[in-house]
Amino acid sequence: MKLVTFSSGSHERRIGIMTDDGVIDIHKANPDAPLTMMALAGAWDQWRAEIERVARRQPDVRTAKLHAPVPRPGKVLAIGLNYADHIEESGMKMPEHQIWFCKMPTSVAGPSEDIQMPKVSTALDYEAELVVVIGKGGRHISKANAKDAIFGYCAGNDVTVRDWQFRTPQWMLGKSFDTHAPFGPWIVTPDEVGDPHALGIRAFVNGEKRQESNTKHLVFNVYDQIEHLSQAMTLEPGDIIFTGTPAGVGAAMKPPAWLKIGDFVRIEIDKIGSIDNMVAAEGK
Ligand code: ZN
């Protein structure tokens, strides 16, 4: 199933089910259903059967605007240096421990929203990533149980301001500019994705393929990541995890190929779909 946060006409954002013919409005089908994706993620065990029933209805909206599936997650966590080929192109060593940083919740953007070119930098880069959305979550989740903590998967772009990332030991600021965590276009439930470690992943800039790999090359896989993170913190419904990027980022090209205003960036993942974001000047 593909779950969306959408709006149409003058309606506020709602959650729905994406079908080939349009969006089924979950609230319209069942006014008692959770109103936000975060609430649905936390109550999935109770609501799953009903949402599957609702998914058989005719769509309510033919053309909807899609927003980030979780518009304001509690946490946006991201792992660095997690594909061998990207570690090599970065001139780094294979990490012994998982390297985690945060992208602030205000960096979230929708699947077709503009990526802002910062006023303070031109070293703007893309990173194609599989994104995990946490469902019921929890603490001290073992690798074996990690599957049960996952609500679904999205395509994401860990947009990065490289000079801001590397001029201090902490990467957080360079990773947290507004609009620099676009993801979507929907949340695909695990039953439809199957093995999350067998998905082709690609990035295109103006149609030119820049990154192409497969999630089977993750150094620390999705379940390793959930086990490790939850040793430190409680993972909560709607938390977002960016799971690392393969080789081919703009910083590794010679000379570096930074994104420019007007560029179109597409991140595409098998069985999930793609997000398409244009680079636009900040403040427009
Ligand atoms: Zn990344």
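We count ligands from 1, going down the list as the structure has it; atoms in each ligand are counted the same way.
- The distance between the ring centers of Y83 and H86 does not fall below 6.0 angstrom.
- Residue pairs meeting the side-chain hydrogen bond (donor to acceptor under 3.5 Å, both in side chains) criterion with at least one partner in residues 248-267, sequence neighbours excluded, are N206-D263, R266-D276.
- Between F242 and the choices I79, V76, L77, the side chain to side chain contact (heavy atoms under 4.5 Å, CB included) rule is met once, by V76.
- Between K2 and E192 there is a salt bridge, with a side-chain nitrogen of the basic residue lying less than 4.0 Å from a carboxylate oxygen of the acidic one.
- With a cut-off of 2.8 Å, the protein N/O/S atoms near the Zn ion (ligand 1) add up to 3.
- R57 is linked by a salt bridge (charged side-chain N to carboxylate O under 4.0 Å, His left out) to D60, counting only residues two or more places apart in sequence or in another chain.
- Shown here are the side-chain contact (heavy atoms from CB on, under 4.5 Å) partners of E227, two or more places apart in sequence or in another chain: S142, K143, Q231.
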